[in-house]
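Below is one structure; the comments refer to it alone.
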Amino acid sequence: MTADLWEGFNALDAETIAGPVWDEPVPLNHRRALPAFPVHTLPSWLGDMVAAVAEETQTPADLAGCLALGVIATAAGGRATVCVRGHWREPVNLYTAVALPPGNRKSAVFALMTGPLLAVEKTLVELSGPLRAEAETTARLAKAAADKAAQKAAAAEPGLRDQLTAEAVHLAQQAEELTVPCKPQLVADDVTPESLATLLAEQGGRISVMSAEGEIFDIIAGRYSGAPNMGVFLKGHAGDMARVNRQGREAQHIENPAVTMGLAIQPEVLDAIGRVKGADGRGLLARFLYAKPVSLVGSRNLTPELITEETAATYAQRLGGLTMSLADWTDPAVLTLSPEADAVILAYQKVTESRLGKGGSLAPIVKWASKRDGAVARIAGLLHLATHPDNGWALPIEAATMAAATELGDYFTAHALEVFDDMGADPAQEAAHQVLTHLKDQRLSGFTKRELFRGLSRGDFPAMTDLDPALLLLEEHGWVRQQPLPPRTGRGGRPPSPRYDTHPSLTPPLVGA
């Protein structure tokens, strides 16, 4: 007997004893190991709060970290720009979106990180009260005087009518020019594009949308209008002049709008916004800094360290001080770069440019990556103001601050690559990854479909049929194999649940066993 035949007989014997031989499974689409939020890049008072909030709430630091950038952008948005080089200037407002499943205490993190902003907003409202009351009274008296003059002119003798009419017109013009300031507002929740434009006009060209939900994307997609409406969101990020003319209302003109968005969304919303008509083509998706951290649910410490009074008080004091110091600025402060900081961002630009071409690592997200350097400049401006909340506008941005901003740029780049991959991925891919992870964690050598359904989250797989695309994909890739169904007995009743074997590599021998 030849060696080849002998090997064939051995293979047959092995298959008879151990079942069909498994081929090497084909990997599912590669999933990157995403970096954690680099808390150390933040000024100490801000980084300490981020770390403390993440610990007490047992949430990924990415959530509090992205919100930290958002609250600083709320304080400084519309009040400062970064002069990078020549005529290249970047406003310091940001759009951030963190994707986390339900049950991750997003609302608690939002309350802790935005609380001081709302306190400052309340203070601004109180301080503006006397001014608004005076303006309202003055406007009311001016309008009454103009009306009285008009009535007097209308009843005057022909010889006096022209003179009284001119006086009435003059008073009417004075009354028209008087404006009553609106109540100061720093933060809004989910708003329509029309309401956002009104808020921008009322609030001196800046507003922040901070939300623990992703409903704003439904609104942009046309929940109320039936068609996508993203113009004000595009201009509000770039700082491009916005004019809004609507029938029955006065025209609204915002010279340099500055919108900040700090959002927490469920992962499936990423796929939904990727399908919003025009969101990609018009560049809305490219304006967001994304984070997709790993949920800690199931491995949380139930007795975490609590936020200390000192950490919370320092955070509130520094953030409140920065917000108050910039609140009355009408002309944005221009933040300049030191020569060393300019060298740092120039080197970063060269790296970005080298990776944008065909075959480059950033080519798959070229629209987003084309805004990467600008985002880094914005982040550098925010870190600078957070480091020097009392006089940052009078100091140049230093090289160390710019280097920290580039590290955050790398963090958001890694997450953007993953997020845009997910937006274009087959929905079965994510489901297959979840099932495969469950099989590995549970070290299952075999299972029935019903057993698998019971072991997985109902939020991800509401019905047993939702498993079918994932199981089919895993079977095609050689990770699982369905056993032949047993013959029916003819006695009726519920058919047996399909049974699957798993690839032996999913159940390697335990170390030391």
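Heavy-atom basis, side chains included; hydrogens, waters and symmetry copies ignored. Index from 1, following the sequence.
Remark: the backbone N or O of Thr57 is paired with a side-chain donor or acceptor of Arg105 at under 3.5 angstrom. Without hydrogens or angle criteria, Trp479 side chain to Val26 main chain gives a donor-acceptor distance under 3.5 Å. Gln203 places a side-chain N or O within donor-acceptor distance of the main-chain N or O of Lys183, the cut-off being under 3.5 Å. Remark: the backbone N or O of Leu263 is not paired with any side-chain donor or acceptor of Lys106 at under 3.5 angstrom. Side chain of His388 to main chain of Trp393: no donor-acceptor pair is present (N/O by atom type, distance under 3.5 Å, no hydrogens or angles). The closest donor-acceptor contact from the side chain of Asp466 to the backbone of Ala463 lies under 3.5 Å. For Thr314 (side chain) and Glu310 (main-chain N/O), a donor-acceptor pair under 3.5 Å exists by modelled atom type. Between the side chain of Gln58 and the backbone N or O of Glu55 there is at least one donor-acceptor pair closer than 3.5 Å. Between the side chain of Glu340 and the backbone N or O of Ala399 there is no donor-acceptor pair closer than 3.5 Å.
Here the closest heavy-atom approach between residue Ala470 and residue Val435 is recorded as CB-CG2, 4.0 Å. Nearest heavy-atom pair across Gly65 and Val50 is N-CG1, 3.7 Å. In terms of heavy atoms, Ala377 sits closest to Val84 at CB-CG2, 3.8 Å. Heavy-atom minimum distance, Gly103 versus Val297: O-CG2, 3.5 Å. Between Ala369 and Leu356, the closest heavy-atom pair is CB-CD2, 3.4 Å. Considering every non-hydrogen atom in both Val92 and Ala80, the closest pair reads CG2-O, 3.5 Å.
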Chi angles and distances behind the side chain to side chain contact (heavy atoms under 4.5 Å, CB included) call for Met402, Val376: CA-CA 8 Å; Met402 187 61 73; Val376 166; 4.1 Å; yes

Intermediate values then yes/no, side chain to side chain contact (heavy atoms under 4.5 Å, CB included), Phe288 and Thr96: CA-CA 5 Å; Phe288 277 88; Thr96 64; 6.0 Å; no

Residue pair Arg287, Lys371: steps toward the side chain to side chain contact (heavy atoms under 4.5 Å, CB included) verdict: CA-CA 7 Å; Arg287 284 164 164 77; Lys371 299 182 182 297; 3.9 Å; yes

Thr198 vs Ser195, side-chain hydrogen bond (donor to acceptor under 3.5 Å, both in side chains): CA-CA, chis, key distance, verdict: CA-CA 5 Å; Thr198 298; Ser195 297; over 6 Å; no

Verdict with reasoning, Asp328 to Arg79, per salt bridge (Lys or Arg N to Asp or Glu O under 4.0 Å): CA-CA 9 Å; Asp328 294 330; Arg79 301 298 185 263; over 6 Å; no

Trace of the side chain to side chain contact (heavy atoms under 4.5 Å, CB included) decision for Glu305 with Glu56: CA-CA 6 Å; Glu305 294 290 331; Glu56 179 172 316; over 6 Å; no

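Other residues, nucleotides and ligands place no more than 12 heavy atoms under 6.0 Å from the CG atom of Asp331. A 6.0 Å sphere centred on CD of Glu126 holds more than 12 heavy atoms belonging to other residues, nucleotides or ligands. Applying the 6.0 Å contact sphere to CD of Glu136 captures more than 12 heavy atoms from other residues, nucleotides or ligands. Annotation: Arg132, atom CZ; neighbour count of heavy atoms from other residues, nucleotides and ligands within 6.0 Å is above 12.
Put simply, CG on Asn301 and CG on Leu296 are 10.5 Å apart, with the number rounded to the nearest 0.5 Å. Considering CZ of Arg378 and CG of Leu69, their distance stands at 13.0 Å, rounded to 0.5 Å. Taken from CD1 in Ile265 to OG in Ser211, the straight-line distance is 10.5 Å, to the nearest 0.5 Å. Taking CG of Leu322 as the start and CG of Leu326 as the end, the distance is 5.0 Å to the nearest 0.5 Å. Interatomic distance, Met210 CE to Asp189 CG, rounded to the nearest 0.5 Å: 10.5 Å. A distance of 10.0 Å separates CG in Leu436 from CG in Leu473, rounded to the nearest 0.5 Å.
Between Leu127 and Thr123 the shortest side-chain heavy-atom distance falls below 4.5 Å. Side-chain contact check for Tyr315 versus Met113: some heavy-atom pair is nearer than 4.5 Å. A heavy-atom distance below 4.5 Å is not found between the side chains of Thr260 and Tyr95. A 4.5 Å side-chain heavy-atom check between Arg85 and Gln349 finds at least one atom pair inside the cut-off. Counting heavy atoms from C-beta on, the side chains of Leu199 and Gln185 come closer than 4.5 Å. Between Phe412 and Ile379, the closest side-chain pair of non-hydrogen atoms falls below 4.5 Å. Two residues are said to be in side-chain contact when any heavy atoms from C-beta on lie closer than 4.5 Å; Thr81 and Leu335 fail this criterion. Looking at heavy atoms from C-beta onward, Ile307 lies in side-chain contact with Val53 at the 4.5 angstrom threshold.
Applying side chain to side chain contact (heavy atoms under 4.5 Å, CB included) to Trp368 and the options Leu285, Leu362, Leu289, Val419 leaves one that passes, Leu289. A side chain to side chain donor-acceptor pair (under 3.5 Å) with Ser208 is found for one member of Thr74, Asn93, Thr114 and no other, namely Thr74.
Ring centers of Tyr290 and His415: at least 6.0 Å apart, outside the cut-off. Under the 6.0 Å cut-off for aromatic ring centres, Tyr411 and Phe37 qualify, their centroids lying closer than that.
Using modelled atom types, one finds no donor on one side chain facing an acceptor on the other under 3.5 Å when comparing Thr59 with Asn104. A donor and an acceptor atom, one from each side chain of His384 and Glu398, are nowhere located under 3.5 Å apart. Checking Thr311 against Thr308 by side-chain atom types alone, a donor-acceptor pair falls below 3.5 Å.
A salt bridge between Asp410 and Arg372 is present, with a side-chain N of the basic residue lying under 4.0 Å from a carboxylate O of the acidic one.
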